[in-house]
Asks: 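Here's a structure for you.
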Amino acid sequence: MAIALRFAATPPRLAAPIPPTSAPRAHGGVVRVGAQGGTRCGRRLAMAAADSARCRAKREGDGDGVLAGVAVHGGTGAEGEDQLSVVMKFGGSSVSSAARMKEVAGLIQAFPEERPVVVLSAMGKTTNLLLLAGEKAVGCGVTRVSEIEEWNKLRDLHIKTVDELGLPRSVIHAKLDELEQLLKGVAMMKELTLRSTDYLVSFGECMSTRVFAAYLNQIGVKARQCDAFDIGFITTDDFGNAEILEATYPAVAKRLHGDWIRDPAIPVVTGFLGKGWKSGAVTTLGRGGSDLTATTIGKALGLREIQVWKDVDGVLTCDPNIYPNARTVPYLTFDEAAELAYFGAQVLHPQSMRPAREGDIPVRVKNSYNPKAPGTLIAKGRDMDKVVLTSIVLKSNVTMLDIVSTRMLGQFGFLAKVFSIFEDLGISVDCVATSEVSISVSLDPSKIWSRELIQQELDHVVEELEKIAFVHLLQQRAIVSLIGNVRKSSLILEKAFHVLRRIGVNVQMISQGASKVNMSLIVHDSEAKQCVEALHQAFFEGDDDGDDCLMAEFDEENLRLEL
Ligand SMILES: Nc1ncnc2c1ncn2[C@@H]1O[C@H](COP(=O)(O)OP(=O)(O)O)[C@@H](O)[C@H]1O
Ligand SMILES: N[C@@H](CC(=O)OP(=O)(O)O)C(=O)O
């Protein structure tokens, strides 16, 4: 086993298609792409809004396209009384039952001064049930679709929810009928493509939002259900993992703002969904993609804040399922949060920080089960002086490749050749460590927001790389990422290696990204959980050192949302 100890440059994120900066008119004529007036979100919103025949806002004539009363960027409090002000995104666990929907409606009512855009995920585990139902439909025959356990479960859950909320079943009937027809179609065709899978799972969000919007209206909170694919979410046609195109921002701003001005009602938007710009078909943004829907809306409208409501007290010092003593991280930068998500923390979608960072809109992670908890505030910067380590993230089931050049020292172009092979095969690389003649990389076969690597593909990569190098394939590895202040890397690494030596774990590769917030250690999968526990105890639970690592105290601003 080669151990590459040289720090690598930024982990390359290969295989991301380069999206067109603006897309032509989407098929079906539902989404019309507005002209883009510039890069700043306020300018974009202003131009989009100006383009709207329905928009009552008047051009001020400042020559910059900024409209009176239109929120131009986050955090300034510049938005007028008649503008949408925040995004409130509620994940599946927050809306898993009628009781939960009532709680969430209560949360929205608890902030009467806010004019939120609400983004919802599918109820509870509906997305998983839909995927399983689809798989079963492929092999079960049309006549047996009604017996598919997962279909029955999710139908019963939605009917029960509607009943318990005192809503007419008609709120959900059309969608349930359509879904049953779709499953029968899958059974008849004996085929489920990526495209039809996206259409199938879209029913989860389409149903939860219809139920919730109807409930808000019933309790006197005026709401309007919106399907993301009908209000301007334009994506690539990468079904299962579509990327949002730039044209989305003006289109969504124009539509949501225009509707609000014409007839103020809280928009209840489907998370996770978009519309492929070539196919016009429903696409999904990768598992957990509703976070990205929320931040995209936040940037599009230049809102003051994006709230993502979960079932945990915020972003924690590690995954509570791995180690229950995890604590809340009060503050994070966009970079830290993005790195944390990219390296496997399920709590945030990996791409979701990008729109928030670009629009400079703070993201607040809150617990819908414990709204009094202050949560985590993610913003552009924070005082890093006292920060040592912020969070520990574990990504399991990682495959590693040690690639050693067959040529002599001083050969140029070796790295370029290696990465062009990954690019050609569309394979994503997480961590890299290099020396002049060797390179170690980690690949992630179980990536849920990227394509899955299968053994055949791995064999193919190895075959291609063997044309220029000796290659060792190492599976069942794990990446333990230390997200923190890389300016204190010596302190972090000294302490981490001390701990790992004490518990007898050998680090197989180390990589420090140029992001300056992440140091990744690769260990064997079987030792990973033990590593996280020991590192957590040392960094966050130690008598003296723990204080160093815990972040600044919660301040008043962060407590603002307390009920
Ligand atoms: N570092 C972390 N901080 C908080 N939660 C984490 C972390 N790592 C993993 N998780 C998991 O992420 C879950 C919340 O994310 P997710 O299930 O996507 O929420 P939602 O569906 O409500 O949007 C938590 O229940 C927790 O199990
Ligand atoms: N329902 C989708 C999208 C989503 O964002 O869900 P959640 O917010 O519950 O992670 C999923 O399960 O992937």
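For ligands, and for the atoms within them, numbers begin at 1 and follow the listed sequence. Worth saying up front: this structure is predicted, and the values here are computed from it rather than measured.
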Asks: Counting distance only, does the side-chain N/O of Ser520 pair as donor-acceptor with the main-chain N or O of Ser481 below 3.5 Å?
Replies: no
Asks: Should the pair Arg100 and Phe90 be classed as cation-pi, given the thresholds of under 6.0 Å to the six-membered ring centre and 45° from the axis?
Replies: no
Asks: Can you name the residues that come within less than 4.0 Å of ligand 1, going by heavy atoms only?
Replies: Lys89, Gly91, Gly92, Ser93, Lys310, Asp311, Val312, Gly314, Val315, Leu316, Cys318, Asp319, Pro320, Asn321, Gln346, Val347
Asks: Say whether, by atom type as modelled, one donor and one acceptor occur between the side chain of Asp198 and the main chain of Thr284 under 3.5 angstrom.
Replies: yes
Asks: Distance from Ile522 atom CD1 to Met509 atom CE, nearest 0.5 Å?
Replies: 4.5 Å
Asks: Does Lys175 qualify as a cation-pi partner of Phe203, given the criterion of NZ or CZ under 6.0 Å from the six-membered ring centre and within 45 degrees of its axis?
Replies: yes
Asks: Only one of Val252, Asp227, Leu273 clears side-chain contact (heavy atoms from CB on, under 4.5 Å) with Phe233; which?
Replies: Val252
Asks: Can a donor-acceptor pair be found, under 3.5 Å and without considering hydrogens, that links the side chain of Asp313 to the backbone of Gly375?
Replies: no
Asks: Residues around ligand 2, heavy atom under 4.0 Å from any ligand atom, sorted by chain and number. Can you pull those?
Replies: Lys89, Gly91, Gly92, Ser121, Ala122, Thr127, Glu205, Phe272, Arg287, Gly288, Gly289, Ser290
Asks: Measure from NZ or CZ of Lys495 to the centre of the six-membered ring of Phe539 and say whether it is under 6.0 Å with the direction within 45° of the ring axis.
Replies: yes
Asks: If only atom types and distance count, is the side chain of Lys136 paired as donor or acceptor with the main-chain N or O of Val145 below 3.5 Å?
Replies: no
